[in-house]
Amino acid sequence: MAILSIAFKSLFNRKLSFFITLFAIAISVALLLGVQTLNAETKNSFMKSISGTDLIIGSRGASSQLLLSSVFHIGTSTNTVKYKTYQEIAKLAAVKWAVPISLGDSHRGYTVMATELDFFTHYSYADKQHLSVQHGEMSDDMYAVVIGADVAKKLNYRIGDRIVITHGRGEIDGHTHDQIPYFVSAILQASFTAIDQTLIISLEAMEAMHSDPDEHFGAMPNEISTAPQVKAKEQADPSDYHHASSHTDDLHDHHHQDTLEQRVARLLQLKPENINAIFVGLTSRQALLGVQNYVNNYSAEPLTAIIPGVALQELWQFFSIAEVALNVVSAFVVLVGLLGMLSIILMSLNERRREMAILRSVGARPIHVFGLIIGEAAFVCLAGIILGIALLYLLLITLQAPLANYYGFYLAINPLTFNDYLILLTILFSALIIALLPASLIYNYSLSDGMTIKF
Amino acid sequence: MIKVSKLRFAWDKQSSINIDTLHIKKGQHLFIEGPSGSGKSTLLNLLTGVLTAQSGDVCILGQQLNNLSSSQKDHFRSNHIGFIFQQFNLIPFLSVIENIILPCSFSALRKSKVLQRGASLEAEAIRLLNALGLTEPELLKRSVNELSVGQQQRVAAARAMLGSPEIIIADEPTSALDNDHRQAFIKILFDECEKADITLIFVSHDGTLKQHFNRTINLQQLNQVPIKAL
């Protein structure tokens, strides 16, 4: 019977404390790895928010603010760029495409972004993936709204539903532009970017909404919205929603239900005077700095051009403080787990002093006794780590669907990284170092006690 | 077999052992008598090389213990000496058989001696148990904690004898037993030691046991250190 099997039997003789230690280490390991995974995935999803766009142009200001407002739709974008400037920039030789966006309106708490139909051709995220349509179809109709996957799910909107837009952010104090109902033409696939929580309308529609037709055309306040009837109809026959034919019906319906304002706006086809940002794609990467320089020194109005990748990196630096704090906390949790193991081993020593004396009397050397403790610590820690990894993946698998559904955060499940293995190795190594204390204690006991059994 | 000369040992400069000569012959059953504090445990630890004397020699089976490193001494001890203690000889989480064959995990020599005889370790352990009067097979299934003290001491004796070490050192092995069991235990121990030609060193403060032995040493007389008042 080898010393190893004695070590195991001794360990299982102390089942309760063994399992407590095991779970303490497993939970702390799962936490530490979980924080690592979460960090990596958050960063990943953050960095993937936009791709394929070479420059984002906005009015002069902090690059992080422009990035936050244009890509993440966070913060108010009161600073605007003239539409004429957009037209000038789009004409530059180095500019392959340019798409203007205008923000500032909301619908039941969700951002409304006005842009051109080209947006869907050029805007991409992650690995140059374009936004794709889940239901319905893109429409060049002025009052068509394309809604993000989350908007559709949370507000239970279907193709053809009529909606109204609020000016300003928030549902409460905004002024409702209920004169102009929009209709849902397409629902996008979830992209796990800010687009999921966004409604996209045309620039012309936004301009029509803001040009305050009440005064000019004198419409009656109650004349307008046909939305309730349509909604009722939709709900009475929900199966319609899946039929491609119903979409065209709705589109068709829509033209007959145009309000006065809508008809006027349709005729005017007004482009807005101001927009908030311009997404730009260049003909070549070489032109990047030149165009950025040109825009930053644009004479007609003060502008800022940011390179999305660089700005994302800069912004992430800001979050890295939280990342460090989380790491430090979880490292301490692991340390506490290991100290728990230490105290449990130390407490067992007195009881085991007798065991060690017996082993000594049958020929075990002090180094065996030393190895017994180190081996036990190594085994408990290794088992804890393996259990911890299992726990982590169980947690990731369990949380993946709810996170994607309720928080729009896609948690990719990846194998452990080299860094993770390094961390685990460090934990194991620390456990061995910590176990040196009880091991050398019992080594000294067994030297001084010899075979004399002390109680 | 065992030769001790001019052995001096002190705990923290407090002299504890001072023995000029002690010779123990092969096959002898030696009774070492002495009250508590007379240095019995110290002497045993010196004889077995657990403690190293400040001066003097211990020579066992022709081997000068002083010349061995501490791991060589450990190795030597596990090959040639079996132990029986006063109480709590057994490791609680091992079975009776596992406890008996424990020395073979550390001593290849004793293991090979058993195997040479053509018996497996388990069979030899059972043979020794039977010889020591533990014949019921259901005993083997029991946890060692459920054995009576007398049974535990016999299991310990079987362990000490497994693989025929040349020497068995018994440190107060009977003090936890009542008188009847004590006599029976000593008799069985003697028989088995004689059969295997094992030198037995038996240490006790109980002078009434010395009648069984062919040689008795009074440690108080042998050891030239006065006993401290305890």
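Each chain gets a letter, A, B and so on, in the order its sequence line appears, and its residues count up from 1. Only this structure's heavy atoms are used, side chains among them; waters, hydrogens and symmetry mates stay out.
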Q. Side chains of A:Arg14 and B:Phe93: does their closest heavy-atom pair fall under 4.5 Å?
A. no
(Q) Any non-hydrogen side-chain atom of A:Leu359 less than 4.5 Å from a side-chain atom of B:Phe106? (A) yes
Q) Taking everything shown except A:Phe12 itself, do over 12 heavy atoms lie less than 6.0 Å from its CZ? A) yes
**Q.** Minimum heavy-atom distance B:Arg159-A:Ser361, with the two atoms named
**A.** NH2-OG, 4.5 Å
Q) Roughly how far, to the nearest 0.5 Å, is CD of B:Gln72 from CZ of A:Arg365? A) 10.0 Å
Q: Specify the closest pair of heavy atoms between A:Pro366 and B:Asp74, including all atoms of both residues, with the distance to one decimal.
A: CD-OD2, 3.1 Å
Q) Does atom CZ of A:Phe429 have more than 12 heavy-atom neighbours, drawn from other residues, nucleotides or ligands, at distances under 6.0 Å? A) no
Q: Give, as side chain, backbone, both or neither, the part of B:Ser107 having an atom under 4.5 angstrom from any heavy atom of chain A.
A: neither
Q.
Looking at B:Asn67, I want to see if its CG is surrounded by more than 12 non-hydrogen atoms of other residues, nucleotides or ligands under 6.0 Å.
A. yes
(Q) Under 4.5 Å from any heavy atom of chain A, what part of B:Leu90 do you find: side chain, backbone, both or neither? (A) backbone
Q.
What's the separation between atom CD1 in A:Ile358 and atom CG in B:Leu102, rounded to the nearest 0.5 Å?
A. 9.0 Å
Q: Mind checking the CD1-OG spacing from A:Ile6 to B:Ser105? Nearest 0.5 Å is all I need.
A: 5.0 Å
